[in-house]
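These notes concern the structure reproduced below.
Fair warning: this is a prediction, and the values are worked out from it, not measured in the lab.
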Amino acid sequence: QLRERIGTARADCGSFATGTSIDELLPHGCFRRGTLVELFGPGTALAVVLAREALRPAGMLAVIDPARRFYPPALANMGIDLRRLVVVQPTEPDWIAVQALSCPAIDAVLCWPERLNDKMFRRWQLAAEPGGSIGLIVRPSAARGSPSWADVQLGITPLALSRWRMEIAGRSLEFSIDNEGRIHDCLRMVSELADPTSAARAAGA
């Protein structure tokens, strides 16, 4: 099936957006295909939403799950056709991640690597560029500040009542995701470096 899809895969990499205030925080106003995105903290729900938005009509989603904790039926509730899903459970994700990211039939790759050294990271980034896939890498919060080849880094902090705060490039917003994978209540897009008076006014204080 992947061989058939490769024949119809679009040659352009392009980009995609979420249609929410998240896009306003991104450096290019969208997520760029052929790149990697790091999500630090509890970022799985958002990563799944981004993977869904990245899927084109003939595209596939590859999930690389070394810990074997991923629950595919949850994706169906979030609007992802499970026939477009490939789940791999390797002991080491490096080789399979390179193969998936470089495959033109795969639009998004979701992975939770236990370790990601600089050489691995660079291999994944180089693999994504020609393949046009977006790599969504969910990592522990402690990994922030490590050398990175990601195009975008998102810090995710859990809040009360199923809400999260996302931080990127000195700015943040709060959001929630419902059971169907819809992003709601994108609020308080405030520059952490802004004047405190302006920040309070933007937050509605």
Interatomic spacing from CD in E167 to CG in L25 - rounded to 0.5 Å: 10.5 Å
Closest approach of W124 to P113 (non-hydrogen atoms, all atoms of both residues): CH2-CB, 4.1 Å
Nearest non-hydrogen partners of A45 and M78, listed with the distance: O-CE, 4.0 Å
Heavy-atom side-chain contact between F175 and T20 under 4.5 Å: no
Intermediate values then yes/no, side-chain contact (heavy atoms from CB on, under 4.5 Å), I134 and L50: CA-CA 9 Å; I134 186 166; L50 297 182; over 6 Å; no
Test item: L126 and W149 side chains (from C-beta on) under 4.5 Å apart, heavy atoms: no
Summary of salt bridge (charged side-chain N to carboxylate O under 4.0 Å, His left out) pairs that have at least one residue in residues 92-105, sequence neighbours excluded: E92-R115, D94-R123
Qualifying side chain to side chain donor-acceptor pair (under 3.5 Å) pairs, either residue in residues 65-78, two or more places apart: none
Distance, nearest 0.5 Å, that separates CE of M166 from CG of L173: 4.5 Å
Sequence neighbours excluded, every pair satisfying ring pair (Phe, Tyr, Trp, His ring centres under 6.0 Å) that has a member inside residues 81-106: none
Step-by-step side-chain contact (heavy atoms from CB on, under 4.5 Å) determination, S146 to F121: CA-CA 11 Å; S146 301; F121 213 150; over 6 Å; no
Minimum-distance pair of heavy atoms, taken over all atoms of G132 and R56: O-NH2, 4.1 Å
Minimum side-chain heavy-atom gap F16-L55 below 4.5 Å: no
Closest non-hydrogen atom pair between V98 and A127, with its separation: O-CB, 3.7 Å
Separation between CD of E53 and CD1 of I80, rounded to the nearest 0.5 Å: 9.0 Å
L75 and L61, any side-chain heavy atoms less than 4.5 Å apart: yes
Short side-chain to backbone donor-acceptor contact, R144 and Q153, under 3.5 Å: no
Spatial distance of atom CG (L36) from atom CZ (F31) [nearest 0.5 Å]: 13.0 Å
L46 and W164, any side-chain heavy atoms less than 4.5 Å apart: no
Flag side-chain contact, heavy atom, 4.5 Å: T35 against V152: no
Exercise: identify the closest heavy-atom pair between S133 and V109: OG-CG2, 3.6 Å
Spacing of CD1 belonging to I137 relative to OG belonging to S148, to within rounding of 0.5 Å: 7.5 Å
Nearest-0.5 Å distance that lies between atom CG in L85 and atom CE in M60: 7.0 Å
hydrophobic_cluster_shared for V48 and F40, side chain cutoff 4.5 Å: no
Minimum side-chain heavy-atom gap H28-D151 below 4.5 Å: yes
Side chain proximity check, I64 to F70, heavy atoms < 4.5 angstrom: no
Closest non-hydrogen atom pair, A17 against D23: CB-OD2, 3.4 Å
